[in-house]
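In what follows, every chain begins at residue 1, and chains take the letters A, B, ... in the order their sequences are listed.
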Amino acid sequence: MKKILLLIICSFGAIWASGQGKVTLSPAAFTSEDEVTITLDVTGTPLAGANDVYVWAFSNDGVGGGKDASTNGQWAASSEDAKMTKTATNIFTFKFTATTLFGQSPAELINFGFLAKSKDGSKQTPDYKPFKFDPLVFTASQFRLFPAKLDYTDMATVYFHQNLATDVNLQRMTNIKVSLSFYNEAGDPVGSKQNIVTVKESAILFSYSFIPERVITFPAATKLGKFSYQFTGTVKDANGLDVTTNGPVTEVVYTVFN
Amino acid sequence: MKHIQHTLFAICILLIWSCKPEDFGPIGEPQNIVKSIQGNWGLTKVTQIDQDASTKGFPYKQLDITAVYPYTDLAVAFLGDAQGNPTTFTITSGNSPKITDLTSGNWTVDNVKAPTAISLKNGTVVNILSIGSYISLKSGKLIIKKDKKLNGKVILSYQYEFTKK
């Protein structure tokens, strides 16, 4: 009985998910001053099969100080500036820069959301939100990636700034290593390598530089969508024995350059 | 008083008469950049530049990655014809990571007198690299840059420094 119930819940979950549409943002991480391309697959939504789809965007959802996009127009008559570009059946794109679209300064913009609709508002998708803007001011943190935006053919360097660690075990951690996991564009694991010895750049800074194809073997036709890294090491327990300790797993989505 | 006026007038005439075009020495033959690029080059330095961080004024703008992998294995040969026009190229990577999609083909420049970009072509595959300072060419260094763009904005660059073999 439990299994049947689980199956029914899963089936309803799958049906619900398929009716939500699929959003991809390029680049995956962006500031309010970057040009962002929304790609929306409306398959399974009330807009499936439509030729004309309009975006209805809004800023700062749930955090106050929000504004409607300058391109929205009226709900019953969307502005032509809000029209998304049809690139294939059920696939639509829309390009924008947030400071221009919302008429707000980078300091005012925290996140944005949007939905897609027919011009007269009789059909619409669910809300897609919130998508956070990266800060325009550099914030130092215990883990860092260089360069900030890269694709899977690029050299990546992951850093652990031990002096910025907030966890006591991470502050005390020695014998520092890093584990890497790679995923394809569908999010499926492609390969991983555990406990790679890091470079000790100073007493408080550890790093590891790599190009994925030099770390794991994957088919030439496979494109990687993201990777994750985790710094690990050892701390001494009450008896002076080494105990393994792990930092959090940090995920990095690869940028698709064009 | 009249005496002073005559004297001043005579000085003016003398000054005007003494003006004449100045002769500058020859500046030498113009440097033929395309010809300077031709030859065999070995990769000696690779710098990764986070252009996005530079634009935003963030720290950590560039990183020397030469020693991470054997980049110095990589060699490039840019060949030219008898008239000095670009013809073919070959890239031998050895154990170095690839710096372009191509290993051989034809190369051209965007401007013969003042090139800013080199196009590497093989069939339908084209890779464009930008040329750095001309001054370094005189000292046997070729600086080439590869840009990665997002929506027309350069986000990431690689600067390759080659030394003439």
Extract the chain B to chain A donor-acceptor pairs under 3.5 Å, no hydrogen or angle test applied.
residue : atom : partner : partner atom : Å
Q48(B)  : NE2  : M155(A) : O            : 2.7
D50(B)  : OD2  : A148(A) : N            : 3.0
D52(B)  : OD2  : K149(A) : NZ           : 2.9
Y69(B)  : OH   : I211(A) : N            : 3.1
N95(B)  : O    : R214(A) : NH1          : 2.9
N95(B)  : O    : R214(A) : NH2          : 3.0
S96(B)  : O    : R214(A) : NH2          : 3.3
K148(B) : NZ   : D151(A) : OD1          : 3.1
K148(B) : NZ   : D151(A) : OD2          : 3.0
K148(B) : NZ   : T153(A) : OG1          : 3.1
K148(B) : NZ   : D154(A) : OD1          : 2.8
K148(B) : NZ   : D154(A) : OD2          : 3.2
K149(B) : O    : N258(A) : N            : 2.9
N151(B) : N    : N258(A) : OD1          : 2.7
N151(B) : OD1  : N258(A) : ND2          : 3.2
N151(B) : ND2  : E35(A)  : O            : 3.0
K153(B) : NZ   : D34(A)  : OD1          : 3.1
Y158(B) : OH   : D154(A) : OD1          : 2.7
Y158(B) : OH   : M155(A) : N            : 3.3

Any heavy-atom pair between the side chains of N85(B) and V34(B) that's under 4.5 Å? no

Who wins among L150(A), V36(A), V137(A), V256(A) for the most heavy-atom pairs under 4.5 Å with chain B? V137(A)

Pairing residues for A117(B) by the side chain to side chain contact (heavy atoms under 4.5 Å, CB included) criterion, not counting sequence neighbours: D110(B), I128(B)

Would you please test F89(B) and L79(B) for side chain to side chain contact (heavy atoms under 4.5 Å, CB included) and show each step? CA-CA 6 Å; F89(B) 74 92; L79(B) 304 180; over 6 Å; no

Could you check whether F58(A) and F112(A) have their ring centres less than 6.0 Å apart? no

Output all residues satisfying side chain to side chain contact (heavy atoms under 4.5 Å, CB included) with A77(B), sequence neighbours left out; order by chain, then residue number. N40(B), T90(B)

Which residues pass the side chain to side chain contact (heavy atoms under 4.5 Å, CB included) test with I11(B), sequence neighbours left out? T7(B), L15(B)

Per-residue tally against chain A (heavy atom, under 4.5 Å) across P59(B), G152(B), A53(B) peaks at P59(B)

Any donor-acceptor pair under 3.5 Å from N111(B) side chain to A114(B) backbone: yes

At a heavy-atom separation under 4.5 Å, does P106(A) approach chain B through its side chain, its backbone, both, or neither? neither

